[in-house]
Amino acid sequence: MIGRSRPAGRHRDGQPVTTVYRRVWDGPARAEAEVLGNASPGWAVLYSLSMRRFFALCAWPSPQPVMISDATAEGLEQRMRETETLLILHMPPADDRLGRAA
């Protein structure tokens with residue numbers, strides 16, 4: 001066995017090679033996450049296969065890391081908009097963030 005290259009697929013010594021169906025797990029959900037990520041440039045949107053949830057991480061400077069999740073893409077999008085609104089309301093004025101010359 002060691003040193004022999006095998007063709008892809010299921011096989012056993014002495015048995016013919018059988019091709020393996022490549023399964024794309026949760027393809028529609030992963031596609032929804034990609035569409036939502038492309039539509040929201042300030043966010044990195046992911047779909048977790050193990051947790052079956054959508055996650056979003058903010059990609060702009062914030063006082064602390066922001067990560068939100070929801071079971072559906074629509075729910076995540078709503079939570080993203082709510083989070084953006086909250087972060088905008090809690091940001092200090094532009095003069096305080098940039099610092100003033102003395």
Subject >> Test side chain to side chain contact (heavy atoms under 4.5 Å, CB included) applied to Gln78 and Glu82, step by step >> reply: CA-CA 6 Å; Gln78 181 180 358; Glu82 291 169 0; 3.4 Å; yes
Subject >> With sequence neighbours excluded, residues passing salt bridge (charged side-chain N to carboxylate O under 4.0 Å, His left out) with Arg52 >> reply: Asp26
Original post:
Which other residues end up in the same hydrophobic cluster as Val24, if Ile, Leu, Val, Met, Phe, Trp and Tyr are linked when side-chain heavy atoms come under 4.5 Å apart?
Top reply: none
Original post:
Rounded to the nearest 0.5 Å, how far apart are CG of Leu57 and OG of Ser69?
Top reply: 10.0 Å
Original post:
With sequence neighbours excluded, what pairs up with Ser50 under the side-chain hydrogen bond (donor to acceptor under 3.5 Å, both in side chains) test?
Top reply: Ser48
Subject >> For Tyr47, all residues meeting ring pair (Phe, Tyr, Trp, His ring centres under 6.0 Å), sequence neighbours excluded >> reply: Phe54
Subject >> Thr83/Val66 under side chain to side chain contact (heavy atoms under 4.5 Å, CB included): CA gap, chis, key distance, verdict >> reply: CA-CA 9 Å; Thr83 303; Val66 178; 3.7 Å; yes
Original post:
Sequence neighbours excluded, which residues qualify as side-chain hydrogen bond (donor to acceptor under 3.5 Å, both in side chains) partners of Arg79?
Top reply: none
Subject >> Pairs satisfying salt bridge (charged side-chain N to carboxylate O under 4.0 Å, His left out), at least one member in residues 59-72, at least two apart >> reply: none
Subject >> Pair listing, salt bridge (charged side-chain N to carboxylate O under 4.0 Å, His left out) test, anchored in residues 30-39, at least two apart >> reply: none
Subject >> For Glu84, all residues meeting salt bridge (charged side-chain N to carboxylate O under 4.0 Å, His left out), sequence neighbours excluded >> reply: Arg81
Subject >> Sequence-distant partners of Leu36, side chain to side chain contact (heavy atoms under 4.5 Å, CB included), two or more places apart >> reply: Ser40, Val45, Leu76, Glu77, Met80
Original post:
How far does SG of Cys58 sit from CD1 of Ile68, to the nearest 0.5 angstrom?
Top reply: 9.0 Å
Subject >> All side chain to side chain contact (heavy atoms under 4.5 Å, CB included) counterparts of Arg23, not counting sequence neighbours >> reply: Tyr21, Trp25
Original post:
Looking at Ala39 and Pro41, what are the two nearest heavy atoms and their distance?
Top reply: O-CD, 3.5 Å
Original post:
Among pairs that include at least one residue of residues 57-66, which meet salt bridge (charged side-chain N to carboxylate O under 4.0 Å, His left out), considering only residues two or more places apart or in two chains?
Top reply: none
